[in-house]
Amino acid sequence: METSVVIVAAGSGKRMGAGKNKVWLSLQHKPIFQHTVEVFANHPGIAEIVLVINEQDYQEMEKWCKRMPHSIILEIGGAERQDSVRNGLHALSDSCTHVLIHDAARPFITHEQITNIIEKVKDQQAVVMAVPVKDTIKVVGPDGIVKATPARESLWAVQTPQAFPLSLVKDAHRYAQEHNKTGTDDAMLVEMLGHAVSIVDGSYENIKITTPDDLWLGEEIMKRRLEERKRKR
Ligand code: CTP
Ligand code: MG
């Protein structure tokens, strides 16, 4: 088993409204994507890191990679996240058997969570990190009328990383492309092939930096973690 990671950073960050790709924004004086990449780079269970980026970010990213102590493979993304992931999967080495797919915009993933998902994908075909939803979720029609209230115990908010055997997730992406299907996450494409997907515990801190208020929350989480680390030293 050789496990690698595809980290997707090729979005534009429209909802952040920063006028540039949000992954370049800093948390505690370091770009968001760098925090994310470092967690995987420091994990001994990860063989290769593919970072999927925008064409316009390429030069800047190349410079950044040269300053990093780890080797990182850069790949250009596509119009949708699904296209970016597919490009990333094709950049992995032939020796790779399993892959973790992760959003660069989720910098709070931990070493321990990576260990857990790698362990789990050894005997489960597809694994997604998830947390139980805290709110009551309602299904609402286009007329604004509530249609249903699913039992909360059955509802999980799904995050990344998501882990798969490489051949399975490549098949799922190929199927989606050939049949013009889109999924809101990679697991959904694997579900379309009829494969079971398991969950592994995530954390409520594993947020995706999406809107400006996430930056404020992100700063607080990062600051607390850095202080904890200092105290332990
Ligand atoms: N992503 C990507 N390629 C795309 C779109 C998104 O690699 N074409 C990446 C983003 O960089 C991010 C992750 O997928 O790390 C999750 O997507 P999201 O949070 O939606 O980021 P953006 O698409 O950049 O933001 P927005 O939807 O607000 O424009
Ligand atoms: Mg998006």
Side-chain angles (χ1 to χ4, degrees), residues 4-42 46-93 96 99-109 114 158-164 166 169-170 172-174 176-177 180-189 206-219 222:
S4 291
V5 65
V6 170
I7 300 175
V8 283
S12 51
K14 274 195 222 91
R15 285 170 287 177
M16 184 60 73
K20 59 175 173 182
N21 184 354
K22 65 186 179 184
V23 301
W24 286 100
L25 299 176
S26 287
L27 289 176
Q28 293 289 301
H29 318 293
K30 205 192 272 185
I32 292 170
F33 74 90
Q34 183 170 339
H35 285 288
T36 310
V37 169
E38 283 179 350
V39 185
F40 288 92
N42 292 327
I46 299 294
E48 255 180 357
I49 297 175
V50 171
L51 182 62
V52 186
I53 58 166
N54 280 323
E55 201 146 22
Q56 57 267 39
D57 286 340
Y58 195 86
Q59 274 193 338
E60 204 52 30
M61 282 286 183
E62 217 178 16
K63 269 195 241 156
W64 172 82
C65 278
K66 285 191 184 128
R67 293 197 301 269
M68 291 292 287
H70 325 278
S71 107
I72 292 156
I73 301 160
L74 293 180
E75 177 64 39
I76 302 294
E80 300 298 329
R81 182 185 180 281
Q82 190 169 315
D83 306 313
S84 297
V85 171
R86 193 179 57 244
N87 291 359
L89 294 175
H90 286 287
L92 291 164
S93 299
C96 170
V99 64
L100 269 50
I101 300 170
H102 188 66
D103 295 328
R106 289 189 194 268
F108 301 109
I109 183 67
I114 295 171
V158 170
Q159 310 175 334
T160 69
Q162 304 195 342
F164 311 92
L166 180 60
V169 73
K170 271 188 168 174
H173 272 268
R174 191 177 312 116
Q177 195 180 20
N180 228 346
K181 304 259 188 211
T182 46
T184 43
D185 68 353
D186 301 289
M188 192 172 160
L189 305 181
N206 184 24
I207 58 169
K208 182 160 68 66
I209 305 287
T210 307
T211 51
D213 53 328
D214 295 323
L215 277 180
W216 172 84
L217 179 60
E219 277 290 348
M222 205 56 91

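Just so you know, these numbers use all the heavy atoms, side chains as well, and skip hydrogens, waters and symmetry mates. Quantities reported herein were computed from a predicted structural model and do not represent experimental measurements.
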Beyond-backbone contact of [X] with [Y], side-chain heavy atoms, under 4.5 angstrom:
| X | Y | result |
| --- | --- | --- |
| Leu215 | Met16 | yes |
| Leu89 | Leu166 | yes |
| Asn21 | Gln56 | no |
| Phe164 | Leu189 | no |
| Val5 | Pro161 | no |
| His90 | Arg86 | yes |
| Lys30 | Met222 | no |
| Tyr58 | Leu74 | yes |

Side-chain donor or acceptor of [X] paired with backbone N/O of [Y] under 3.5 Å:
| X | Y | result |
| --- | --- | --- |
| Glu219 | Gln28 | yes |
| Glu55 | Ile76 | no |
| His173 | Val85 | no |
| Asn54 | Gly11 | yes |
| Glu48 | Cys96 | no |

Nearest heavy atoms of [X] and [Y], plus distance in Å:
| X | Y | value |
| --- | --- | --- |
| Lys22 | Ala105 | CE-CB, 3.8 Å |
| Ala104 | Ala9 | CB-CB, 3.5 Å |
| His35 | Pro107 | CB-CB, 3.7 Å |
| Gly183 | Gln82 | N-OE1, 2.9 Å |
| Ser4 | Leu92 | CB-CD2, 3.6 Å |

Could you walk me through whether Gln177 and Asp83 pass side-chain contact (heavy atoms from CB on, under 4.5 Å), step by step?
CA-CA 9 Å; Gln177 195 180 20; Asp83 306 313; 6.0 Å; no
Tell me whether the count of non-hydrogen atoms from other residues, nucleotides or ligands lying under 6.0 Å of NZ in Lys181 goes above 12.
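No, the 6.0 Å shell around NZ holds no more than 12 heavy atoms from other groups.
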Starting at [atom1] of [X], measure out to [atom2] of [Y] and round the result to the nearest 0.5 Å.
| X | Y | atom1 | atom2 | value |
| --- | --- | --- | --- | --- |
| Arg67 | Gln34 | CZ | CD | 8.0 Å |
| Trp216 | Leu27 | CH2 | CG | 13.0 Å |
| Lys63 | Lys66 | NZ | NZ | 9.5 Å |
| Lys208 | Gln159 | NZ | CD | 11.0 Å |
| Leu100 | Asp186 | CG | CG | 11.0 Å |
| Ile72 | Trp64 | CD1 | CH2 | 4.0 Å |

Below 30° counts as parallel, above 60° as perpendicular, anything between as tilted: where do the rings of Phe40 and His102 land?
tilted
Does a donor on one side chain sit under 3.5 Å from an acceptor on the other, for Glu80 and Thr182?
no
Do Asn87 and Ser84 pair up side chain to side chain, a donor and an acceptor below 3.5 Å, judged on atom types alone?
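There is no such pair (donor and acceptor under 3.5 Å, judged by atom type) between the side chains of Asn87 and Ser84.
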Kindly indicate, with the supporting measurements, whether the criterion side-chain contact (heavy atoms from CB on, under 4.5 Å) is fulfilled by Ile53 and Glu62.
CA-CA 10 Å; Ile53 58 166; Glu62 217 178 16; over 6 Å; no
Picking from Ile207, Thr160, Ile209, what satisfies side chain to side chain contact (heavy atoms under 4.5 Å, CB included) with Arg106?
Thr160
Only one of Ile73, Val8, Asp57, Val37 passes side chain to side chain contact (heavy atoms under 4.5 Å, CB included) with Leu51; say which it is.
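Among Ile73, Val8, Asp57, Val37, the one meeting side chain to side chain contact (heavy atoms under 4.5 Å, CB included) with Leu51 is Val37.
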Using the rule given for side-chain contact (heavy atoms from CB on, under 4.5 Å), can you reason through Lys170 versus Val99, listing the C-alpha separation, both sets of side-chain angles and the distance that settles it, and then say yes or no?
CA-CA 10 Å; Lys170 271 188 168 174; Val99 64; over 6 Å; no
